[in-house]
Amino acid sequence: QVQLVESGGGLVQAGGSLRLSCAASGSGFIFRTMAMGWYRQAPGEQRSLVARITRVGTTNYADSVKGRFTVSRDNAKNTMYLQMNSLKSEDTAVYYCNGDVIQNGVSRNYWGQGTQVTVSS
């Protein structure tokens, strides 16, 4: 079983920055083999991909955040990060951590509880 816990959300002015963290814990998995990503969901909208990072460190970003957000991971700390710069009102959403890992030959997907990011104009 794996738990993903996000932190770092809050209220910030447009143009400001926040850094989100996602800490993974539990048993029966090896963090460095977990493919991870950040997703967000605004009220009335579908949850969408923000950024993802593979087990070997390859990254991918939504066009809307490219050049402003950076996803990274620290395998020694079992943690993924999302550095968000030049924040816009459109970035307001609940941000979720996601991880996918094979356990006992079965692919398992996990979600964190989400953390609210609110950007004021």
Side-chain angles (χ1 to χ4, degrees):
Q1 186 62 229
V2 178
Q3 291 182 318
L4 302 176
V5 180
E6 303 96 333
S7 61
L11 175 65
V12 65
Q13 291 283 126
S17 299
L18 285 174
R19 188 177 77 155
L20 306 183
S21 298
C22 172
S25 63
S27 61
F29 80 104
I30 301 173
F31 181 77
R32 68 177 183 271
T33 70
M34 176 177 280
M36 305 191 74
W38 289 99
Y39 293 74
R40 67 186 182 188
Q41 187 170 23
E45 299 182 8
Q46 290 188 350
R47 188 172 300 185
S48 61
L49 174 71
V50 177
R52 61 185 177 186
I53 184 165
T54 72
R55 60 190 178 89
V56 296
T58 302
T59 58
N60 181 251
Y61 299 91
D63 288 342
S64 59
V65 307
K66 195 171 298 181
R68 299 188 297 121
F69 292 9
T70 302
V71 63
S72 61
R73 65 191 295 163
D74 187 337
N75 291 336
K77 297 181 179 179
N78 282 195
T79 302
M80 175 181 65
Y81 305 95
L82 183 68
Q83 179 66 47
M84 305 186 294
N85 299 325
S86 301
L87 283 162
K88 306 174 180 179
S89 296
E90 306 93 271
D91 297 318
T92 295
V94 177
Y95 284 70
Y96 297 91
C97 175
N98 178 263
D100 192 84
V101 67
I102 296 175
Q103 297 175 281
N104 300 124
V106 179
S107 181
R108 299 186 184 278
N109 190 258
Y110 297 91
W111 289 96
Q113 81 289 347
T115 186
Q116 177 72 47
V117 172
T118 302
V119 184
S120 61
S121 300

Spell out, yes or no, whether [X] and [Y] are grouped together once hydrophobic residues are joined by side-chain heavy atoms under 4.5 Å, including indirect joins.
X	Y	result
Val117	Val50	yes
Val65	Val119	yes
Val71	Val101	yes
Tyr61	Ile53	yes

Evaluate the criterion side chain to side chain donor-acceptor pair (under 3.5 Å) for residue pair Asn85 and Ser17; output intermediate values, then yes/no.
CA-CA 4 Å; Asn85 299 325; Ser17 299; 2.9 Å; yes

Decide yes or no for [X] and [Y]: does some side-chain heavy atom of the first lie under 4.5 Å from some side-chain heavy atom of the second?
X	Y	result
Arg108	Val2	no
Cys97	Met36	yes
Asn60	Leu49	yes
Arg19	Leu82	no
Leu87	Leu18	yes

To the nearest 0.5 angstrom, please state how far the CG atom of Asp100 sits from the OG atom of Ser107.
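One gets 3.5 Å once the value is rounded to the nearest 0.5 Å.
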
Would you give the length of the straight line joining atom CZ of Arg55 to atom CG of Asn75, rounded to the nearest 0.5 angstrom?
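If I round to the nearest 0.5 Å, the distance is 11.5 Å.
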
Taking the six-membered ring of Phe31, is NZ or CZ of Arg73 closer than 6.0 Å to its centre and within 45° of its axis?
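Yes - Arg73 lies over the ring of Phe31, closer than 6.0 Å to its centre and within 45° of its axis.
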
In this structure, is the centre-to-centre distance between the rings of Trp38 and Phe69 below 6.0 Å?
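No, ring centres 6.0 Å or more apart.
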
Go through it in stages, so that I can follow the logic: the residues are Arg32 and Val56, the test is side-chain contact (heavy atoms from CB on, under 4.5 Å), and I'd like the CA-CA distance, side-chain angles, deciding distance and then a yes or no.
CA-CA 8 Å; Arg32 68 177 183 271; Val56 296; over 6 Å; no

Summary of salt bridge (Lys or Arg N to Asp or Glu O under 4.0 Å) pairs that have at least one residue in residues 80-95, sequence neighbours excluded
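Applying salt bridge (Lys or Arg N to Asp or Glu O under 4.0 Å) to every pair that reaches into residues 80-95, excluding sequence neighbours, yields Arg40-Asp91, Arg68-Asp91.
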
More than 12 foreign heavy atoms under 6.0 Å from CD of Gln3: is that the case here?
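No - once you tally the heavy atoms of other residues, nucleotides and ligands closer than 6.0 Å, there are 12 at most.
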
Please output the side-chain donor-acceptor pairs of residues 20-29 that fall under 3.5 Å, not counting sequence neighbours, one pair per line with the distance.
none

Does a side chain donor of either Gln46 or Gln41 reach within less than 3.5 Å of an acceptor in the other side chain?
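Result is no, nothing qualifies.
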
Is it true that the side chains of Ser89 and Ser121 contain a donor and an acceptor less than 3.5 Å apart?
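Side-chain D/A pair, Ser89 to Ser121: present.
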
Between Asn98 (side chain only) and Tyr110 (backbone N and O only), is there a donor and an acceptor less than 3.5 Å apart?
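Between the backbone of Tyr110 and the side chain of Asn98 there is a qualifying donor-acceptor contact (under 3.5 Å).
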
Just by modelled atom types, is the Ala76 backbone N or O under 3.5 Å from a matching donor or acceptor in the Asp74 side chain?
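Answer holds: yes.
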
Side-chain donor-acceptor distances from residues 7-16 under 3.5 Å, at least two apart:
residue, atom, partner, partner atom, Å
Gln13, OE1, Ser120, OG, 2.8

